[in-house]
Engineer: 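Here you go, one structure.
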Amino acid sequence: MINWAHVRVMIMLSWREQLHYRAEMLISLITGPVYLLVNYIVWKSIFSANPAGTISGYTFEQMMSYYILTFSVSYLVWDNTCDWMESEISKGKFSNLLTKPMHVYRHYLYYKLGHRGLAFFVEFLPLLAISGLIFGILPLEWTHLIPFVASVIIASYVNFQIQFIMGTTTFWTTKSSGLTRLITWTSAIFAGKYFPLPLLPAWAQWLFLGLPFALTSFFPVQAALGGVTIAGIWFSPWMLIGYQCLYVIFLEFTMIRFYEHSVSKFGGVGV
Amino acid sequence: MTSAFIVHIEAVKRMIASRLAFRTDLLLSAATMAINESLVVIFTIIIYTASEGFPGWSLPAALLLQGTFILVHGIGGTGFMGVIWNTVRKVEAGELDLVLLQPRSTLQMLIATGFDTEDIGRALAGIATVTYATAQLGPFGAWAWIRYALLLLVGLAVLLSLGIICSGLAIRFVKTWRMYEVLDALYMLGEYPATLQQPTVRIVLSFAIPIITIAYLPASVLLQMTVPHIGWIIAATAVFTLLSYGFWHSSIKAYASAGG
């Protein structure tokens, strides 16, 4: 059962903390367009030397739409639960969370709901508008708006599940930042944050289809672009969402089992 | 001068010793750094597999440029770029005052105690990429390698200047972790051939924030490509370095601690 009073309190708490450092959030309005500018320059020159006009099925406009959406979506799905868990566990402060009148995972989830809700207004919408103005590209068609919104919400939750599972590894290790960084950075490739995944060979496409990382970025972006062919299989926007939902069920089960097993390892002071 | 050198070495030795307490984590972090830096190389290989690639640049030439960038980034990251997180963390925790009390140069102490052992992974990834690319491109003469090495030093100076500017910003504005994202965005501009960029962007990256000196300049010189105004670009780098020092000193003078 969801206790809405808890949700409201955590969101308010998250907003208060984030607004304290609002200038930091606005940095996205500088970095986002610069990242996109670099990709614009690189892809413009690559397409200029490519007489076919398409690369792995993407035209230049579609490629830029892909990058604009990837960067915009990254602000909505961003998650730092793993780092926070590591900090709380290694400093012995995790026991404070265990005494709260809500499950630990709900505590982090509601907090995320707050700061990503804020990011929607402070980072997502302005970046989409700025990118549209600079590059003259509207990456999202109205007909794909509903599947895109649904897919982004699921993507954000999947990323939370992955981060939470990674965070529980701290119960076993004294310092897990190396491991988590390794997973986070390698997962960014499989999420399609650096390049569209259809550019990869077929065997690699099967691999990323089996891993959950593409669900956090590539899937919502392609839902906005009207679907994609992965490993020779056509996925319409609603099929992408269906696949995400199946994975959410699997990850939910894994997350709960992982947490229950790992929290028994926790030996904080006085616990 | 000698004592400053000894203090620096001692501080670095302590940083290495403290990091070696978590050896597995260190190895994983170094591997992660190497993988993360290699992303741009993977991206380039994929681009060349799926298309004609960057106009005017063969795949080994593009890899030489990117390998050079990774190498400089790795050396700088290990040796002095830790000054950024070290300053941000100390300012945030109110510990900068302790560094100011030490009878040594504050900037030097921030650099020495910011030594980043795990960034060696980056440097190794850079060496591997440059070695592979140069093996493909054929042998180069001793003079070409000397010029390449000298220009690597110029690139390191630019990186150091960026680190010092960010350290100065951290002193002026508390909690500036996201500066790293701005830096990453700047780095991206240096990871690709400057010939791809539009003339205005190229001028900015040559003279205002001379990012192109980090990799484009040494790689082009090794490949015997013509780089216009190379002397002026190096002069701009010297000015950039001096300005960064000036900015840092004005920032530390403006520092008013927690009660300011």
Side-chain angles (χ1 to χ4, degrees), chain A residues 20-21 23-58 63 71 74 80 123 173-189 193-201 204, chain B residues 19 21-40 42-57 62 92 118 121 173-198 201-202 205:
Chain A
H20 193 65
Y21 299 108
E24 274 233 319
M25 290 190 98
L26 293 173
I27 284 179
S28 307
L29 303 184
I30 303 168
T31 55
V34 175
Y35 275 120
L36 291 171
L37 180 71
V38 174
N39 279 299
Y40 182 89
I41 291 166
V42 170
W43 283 106
K44 190 84 181 166
S45 67
I46 292 167
F47 271 92
S48 71
N50 197 55
T54 61
I55 294 172
S56 295
Y58 289 86
M63 193 64 86
F71 281 111
S74 71
N80 209 25
E123 295 177 302
T173 54
T174 324
K175 195 171 168 66
S176 67
S177 57
L179 175 70
T180 50
R181 238 187 314 177
L182 183 68
I183 297 171
T184 307
W185 285 356
T186 45
S187 68
I189 305 172
K193 284 183 182 169
Y194 299 101
F195 45 82
L197 297 173
L199 259 68
L200 292 169
Chain B
R19 198 65 183 88
F22 303 100
R23 286 183 188 82
T24 315
D25 189 69
L26 173 64
L27 275 174
L28 282 171
S29 295
T32 310
M33 290 288 183
I35 292 168
N36 190 47
E37 283 300 304
S38 306
L39 279 176
V40 67
I42 297 167
F43 175 68
T44 302
I45 293 169
I46 289 169
I47 293 287
Y48 274 82
T49 314
S51 72
E52 300 291 319
F54 309 137
W57 288 74
E92 205 179 355
E118 61 208 41
F173 309 100
V174 185
K175 202 172 185 264
T176 43
W177 289 112
R178 291 197 69 184
M179 247 175 350
Y180 277 104
E181 289 176 38
V182 181
L183 267 183
D184 283 345
L186 274 177
Y187 291 157
M188 272 184 84
L189 291 164
E191 286 172 340
Y192 297 97
T195 46
L196 303 187
Q197 285 145 8
Q198 279 142 6
V201 179
R202 210 183 307 169
L205 298 179

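Reckoned from all heavy atoms, side chains included, excluding hydrogens, waters and symmetry mates. Just so we're on the same page: letters track the sequence lines, and every chain starts at 1.
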Engineer: Of all the heavy-atom pairs spanning B:S51 and A:I55, show the shortest one and how long it is.
Structural biologist: CB-CD1, 3.7 Å
Engineer: Just verifying a value: how many Å separate B:Q198 CD and A:Y40 OH, rounded to the nearest 0.5 Å?
Structural biologist: 7.0 Å
Engineer: For the atom pair CG (A:L199) and CD1 (B:I47), what is the distance rounded to the nearest 0.5 Å?
Structural biologist: 6.0 Å
Engineer: Hey, could you give me the CD1/CD1 distance between A:I189 and B:I42, rounded to the nearest 0.5 Å?
Structural biologist: 4.5 Å
Engineer: B:A31, B:A30, B:P55: which one forms the most heavy-atom pairs within less than 4.5 Å of chain A?
Structural biologist: B:P55
Engineer: In terms of heavy-atom pairs under 4.5 Å with chain A, which of B:V182, B:V201, B:I46 leads?
Structural biologist: B:I46
Engineer: Side chain, backbone, both or neither: which part of B:E118 has a non-hydrogen atom closer than 4.5 Å to chain A?
Structural biologist: side chain
Engineer: Looking at CD1 of A:I46 and CD of B:E52, how far apart are the two atoms once the value is rounded to the nearest 0.5 Å?
Structural biologist: 11.0 Å
Engineer: Among A:L37, A:V34, A:V38, which has the most heavy-atom pairs under 4.5 Å with chain B?
Structural biologist: A:V38
Engineer: Work out which heavy atom in A:Y35 is nearest to a heavy atom in B:E181; give both atom names and the distance.
Structural biologist: OH-O, 3.8 Å
Engineer: Nearest 0.5 Å please: distance from the CD1 atom of A:I41 over to the CZ atom of B:F54.
Structural biologist: 12.0 Å
Engineer: Between B:L189 and chain A, with a heavy-atom cut-off of 4.5 Å, which part of the residue counts as in contact: side chain, backbone, both or neither?
Structural biologist: both
Engineer: Check the angle between the aromatic planes of A:W43 and B:F43 and answer parallel, tilted or perpendicular using the 30° and 60° thresholds.
Structural biologist: perpendicular
Engineer: Using non-hydrogen atoms only, which part of B:I35 is less than 4.5 Å away from chain A: side chain, backbone, both, or neither?
Structural biologist: side chain
